[in-house]
2 protein chains.
Amino acid sequence: MTVTIKDVAAYAQCSIKTVSRVVNDESYVAEATRLRVQDAINALGYVPNISARRLVQSKSYVICILLHEAGFYQSAVLSKVMDIGYQFDYDILIQSYFPVHSRSKNKLSGLIRERRVDGLVITPPCDVDPFLNELLITSRVPYVQITPLNRTGNIPYVTGDDYQGAYLMTERLILMGHWRIAFLSGPRNHRTSIDRLYGYKAALEMYRVPFDADLVWDSLFNFDGGYNATKLGMAMDNPPTAIFGGSDEAAIGALYALQEMKIPVPQKISVCGFGNLPQSQQTWPGLSTVDHPVEIIVERAVEILLDILANREPASRQIVLPCQLVMRGSAGTKPPN
Amino acid sequence: MTVTIKDVAAYAQCSIKTVSRVVNDESYVAEATRLRVQDAINALGYVPNISARRLVQSKSYVICILLHEAGFYQSAVLSKVMDIGYQFDYDILIQSYFPVHSRSKNKLSGLIRERRVDGLVITPPCDVDPFLNELLITSRVPYVQITPLNRTGNIPYVTGDDYQGAYLMTERLILMGHWRIAFLSGPRNHRTSIDRLYGYKAALEMYRVPFDADLVWDSLFNFDGGYNATKLGMAMDNPPTAIFGGSDEAAIGALYALQEMKIPVPQKISVCGFGNLPQSQQTWPGLSTVDHPVEIIVERAVEILLDILANREPASRQIVLPCQLVMRGSAGTKPPN
DNA sequence: AACATACCTGACAACGTTGTCAATATCTTA
DNA sequence: TAAGATATTGACAACGTTGTCAGGTATGTT
């Protein structure tokens, strides 16, 4: 039924090893032989059996993207992963991971321990899960973290510069006249969230704008969090003239809340986000945000992983990429009192 | 280094075949033997080598989700696929497919012909690509289409009822007093787009609302298309009081355009979409839309595919699921003249 | 007691490829 | 011309599993 390397060898009158050499572009094949084999391959429509190759080489040629819930950020990562997927010899497998499901744990454990995947790309918030970390250590499977919530210097990761990005945006708001700027914070024990908050604080300090702890609003970095925090926060005696969302999702939630409260953006209040997700340019007004270069981040992460898998030493194992401001309609100069 | 079935057999003092039986839960293994083998497996930490199993069974235990560009709809599909992915024995591979890239074609062709995937789930607009269709036919690989742009009765697919959904929404708008309702159309040669247009027309007819061809605006079903069409269309002499976007993306584009033109929604004009994408509840005002039950669609599609792969006859090979209205703030009664 | 039947087990081939190594042919150099 | 280097090829084992089939041992039936 299916054409194997033996059929090709018989057709081309040579050994299977020679066919293998031609298929894998190895040296030491006479030009005439190579052509004869090529013809045989074409004539018979031979395609190598990947399972056999994988067995004998004990490699799966699969890398796995590990995601938690499918939020917008995760979608953005997937978009890029898909875009570049066809450039590699590796196949790309996606796997969700919910630590609460034991089936989910089992699946993941099988994936790694049965060596169905050669390497992993880990997206937040999977990097902070203890079970996964344990599994990664004991199995010794290579992996790279993308924009981890927490990170240590010896694990490969690629991330945007949270501190610098938050600093830039805060600075910009200050230069537009704002001095009461609320910050929509994420979980207080996550590095990403902490770094962004530090960037925010540093800019305030640099421009001698007093820091007000009441302007740091917990948002969990998601839509509902941003919405609720804004509803609550805008009721304070001395509300801010700008809201800087530590994530686009939270900022979009803030936008929604403000619309609901009929507080015009940006006339009465400015809103900014962090992430530059695809939908942040489809809100009204367009969301000013810090571009977290997801595409480059993913590209670099996959590059590092492929280097590791090929036993090449990657140019760098920890990459922090600078962020840029993307100003749209949602941010403007501070309104007169 | 790695523990194989032989090691387990030696430890448990039995043949490799018996270990295989235990691992695969086959009958005809004495209880005592089974326990002895289980102990050996646990003691040695044995995990079967999947590549070997795949080779001997000539199956890959992988299903592939084929996507074109990573739009929001595609992300929604992926989300659900991920959600349910850990329930299967199959691994889930994602692959983008851009017919213009020859590398993309090669990758896909290899994926199928090298039998790296056992089956495919095909998302729009991949289903209308001739190269892919040719490949699917010649390779005989099983596949299911999700909400195909075009479809024939003999190919497995799962989709929402475009006609019925569009009918319902148009009817609702009419009942809210609208009789000049613009329809943001997709490509005119795609079944999905045509069906939604027919549903729209049918409702108009039923309620004796005259059909005006000038109110069918080409939008390509995306944000820019919806935006441009709305900008253009609202400049006409007798503009509509409602815009029904054939897709949420187009409707969100329309919302943006209307905000830009300072035409209040829903006071002056109502806007509705089709799809109920995650972000359609994060727009302001919340987008009224037709819920396309993506989650169920994906679930059913995967069920069908798994049935086919297991040589079970699926309960049904073509499934058309009813749609429901989700009314949010973007639609209201027709304003007085 | 003879025989059928169900249960249990293991030897061995097969899956389709790549790696190792030896054998041969051809070329280069002194 | 001989010796050594280089190019070319193929035989065969190995990868780790599952499928086939034959053989053995209890158990039940006539």
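Within every chain, numbering begins at 1; the chains are lettered A, B, ... in the order of the sequence lines, protein sequences first and strands thereafter.
Look at Y28(B) and you won't find any side-chain N or O under 4.0 angstrom from OP1 or OP2 of dT5(C). Within the structure, every side-chain polar atom (N or O) of N49(A) is placed at least 4.0 Å from both OP1 and OP2 of dC15(C). For T33(A) and dT8(D), the shortest distance from a side-chain N or O to OP1 or OP2 is not below 4.0 Å. Using a 4.0 Å cut-off, no side-chain N or O of T18(B) falls inside it from OP1 or OP2 of dT9(C). Residue S20(A) places none of its side-chain N or O atoms closer than 4.0 Å to OP1 or OP2 of dT17(C).
Distance E26(B) CD to dC7(C) P: 15 Å, rounded to the nearest Å. Spacing between atom NZ of K17(A) and atom P of dC12(D) amounts to 16 Å, rounded to whole angstrom units. With rounding to whole Å, R116(B) atom CZ is found 18 Å from dG16(C) atom P. Following rounding to the nearest Å, R34(A) (CZ) and dT8(D) (C1') show an atom-to-atom distance of 12 Å. Straight-line distance from the NZ atom of K59(B) to the P atom of dT18(D): 13 Å, rounded to whole Å. Remark: P of dC15(D) and CG of D7(B) are 11 Å apart, rounded to the nearest angstrom. Regarding R21(A), its CZ atom lies at a distance of 10 Å from the C1' atom of dT20(C), rounded to whole Å. If you measure from atom CD1 of I5(A) to atom P of dA13(D), you get 17 Å, rounded to the nearest angstrom.
Nearest-nucleotide assignment on DNA chain D puts the 5′-proximal partner with V56(A), out of V56(B) and V56(A).
No more than 12 heavy atoms of other residues, nucleotides or ligands lie within 6.0 Å of NZ in K6(A), so this atom counts as exposed by the packing criterion.
Residue contacts for I16(B): at a heavy-atom cut-off of 4.0 Å it reaches a base atom on one of the strands shown. Across all strands shown, V29(B) has heavy atoms under 4.0 Å from sugar-phosphate atoms exclusively, and none from any base. Nucleic acid contact for S27(B): none, since no nucleic acid atom lies under 4.0 Å from a heavy atom of the residue.
In plain terms, the two heavy atoms of D25(A) and R34(A) that are nearest each other are OD1-NH2, 3.9 Å. The two atoms that bring V23(B) and P48(B) nearest to each other are CG1-CG, 4.0 Å, heavy atoms only. Taking every heavy atom of both residues into account, H68(B) and S96(B) meet most closely at O-CB, 4.5 Å. When all heavy atoms of R151(A) and Y157(A) are compared, the pair lying nearest together is NH1-OH, 3.1 Å. Shown here for R116(B) and V62(B), the closest heavy-atom pair between the two residues is O-CB, 3.6 Å.
When distances are taken from the side chain of T4(A) to each of dG10(D), dT18(D), dT17(C), the shortest belongs to dT17(C). Of the candidate nucleotides dT18(C), dG19(D), dG16(D), dG19(D) has the atom lying nearest to any side-chain atom of Q57(B).
Between the side chain of R54(B) and the base of dG16(D), no donor-acceptor pair of N or O atoms lies under 3.5 Å. Between the base of dG16(D) and the side chain of K6(B) there is no donor-acceptor pair shorter than 3.5 Å.
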